[in-house]
Amino acid sequence: MKKLLIANWKMHYGPIKAGAWIRAFRRERLPKDVDIAVAVPFVSLAAARASLGRASIPALAAQNVFWAEEGAFTGEISPSMLKEFGTEYCLVGHSERRAHLGETDEMVQKKAAALQKAGIIPVICVGETEAQRKRGEANKVVRAQVQAAITDLKMDGKVPVAIAYEPVWAIGSGKPCTAQEAKQMHEVIRVVLQKKLGAGADEIRIIYGGSVDLRNVSEYVTTTGIDGCLVGGASLDPRNFGLLCRAANPA
Ligand code: 13P
């Protein structure tokens, strides 16, 4: 399975800076054996697409979506609208959305299913808080998040899905989860996927996110069971993200 590296800009870069980032990133020497995507704010999707021109790397990702196709949902964006921009991936249930916008497991479940139906790969984000880990509840919490999120997903000929394990305490903290801790949680997640989706579950990439940087990226991607990384802060500089992508190249 090819490794997957996704840049998550979060709430950074409007259209002008997004276009400049894409052009600068395209000047990097990009590895062929890594799938690369960039999750940009909605308003910057058009500029990112325009700067890409005919190029398909990095693939475009959105950071959120609504589950209905259209209707009276002021301020929301549907999967087919994202598809019009050639969006290939979409993050769902990022812990920042769960924390600040009240996103629940049920919403994550509906969003993931709607994305898959529209042919966009949902990247389902899960992860425990520091308090939950301290109480010894990390596995239980993450298992429940994954179980809920995949309830309506199908593996028969549909676009694949991906899971991003992002322990909340490791996000933006400079305190990354060790590769061994991540590996252990990825195994827990893999079992949940296998129980629900059978053999098809092995096609699902489980990537790690939380303070990934140039010093630790190669350790994650060379650890069995870690299929890539979701990168926040270290992706804001296109050069730096280019270096991360090269470091993730198996060759
Ligand atoms: P940092 O890489 O800045 O810790 O952010 C991780 C993240 O939340 C990516 O989605």
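Position 1 is the first residue of the sequence; numbering continues from there. For ligands, and for the atoms within them, numbers begin at 1 and follow the listed sequence. Because the structure is a prediction, the values reported are computed rather than measured.
- Salt bridge annotation for Lys110-Asp152: absent, with no cationic side-chain nitrogen under 4.0 angstrom from a carboxylate oxygen.
- With Met185 as the fixed residue, the side chain to side chain contact (heavy atoms under 4.5 Å, CB included) test singles out one of Ile206, Val142, Ile226: Val142.
- Paired with Tyr89 under the rule side chain to side chain contact (heavy atoms under 4.5 Å, CB included), one option of Leu115, Leu82, Leu4 passes, and it is Leu4.
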Ligand 1: protein N/O within less than 3.5 Å of ligand N/O:
unit_1   : atom_1 : unit_2 : atom_2 : d
ligand 1 : 2 (O)  : Gly232 : N      : 2.9
ligand 1 : 3 (O)  : Gly233 : N      : 2.8
ligand 1 : 4 (O)  : Gly172 : N      : 2.6
ligand 1 : 4 (O)  : Ser211 : N      : 2.8
ligand 1 : 5 (O)  : Lys10  : NZ     : 3.1
ligand 1 : 8 (O)  : Lys10  : NZ     : 2.9
ligand 1 : 8 (O)  : His94  : NE2    : 2.8
ligand 1 : 8 (O)  : Glu166 : OE1    : 3.4
ligand 1 : 8 (O)  : Glu166 : OE2    : 3.4
ligand 1 : 10 (O) : Asn8   : ND2    : 2.9
ligand 1 : 10 (O) : His94  : NE2    : 2.9
ligand 1 : 10 (O) : Glu166 : OE1    : 3.2
ligand 1 : 10 (O) : Glu166 : OE2    : 2.9

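- Side-chain polar atoms of Glu128 and Asn139 form no donor-acceptor pair below 3.5 angstrom.
- Under a cut-off of 6.0 angstrom, the local environment of CD in Glu181 is crowded, with over 12 non-hydrogen atoms contributed by other residues, nucleotides or ligands.
- Counted within 6.0 Å of CG on Leu101, heavy atoms from surrounding residues, nucleotides or ligands total more than 12; the atom is thus considered enclosed.
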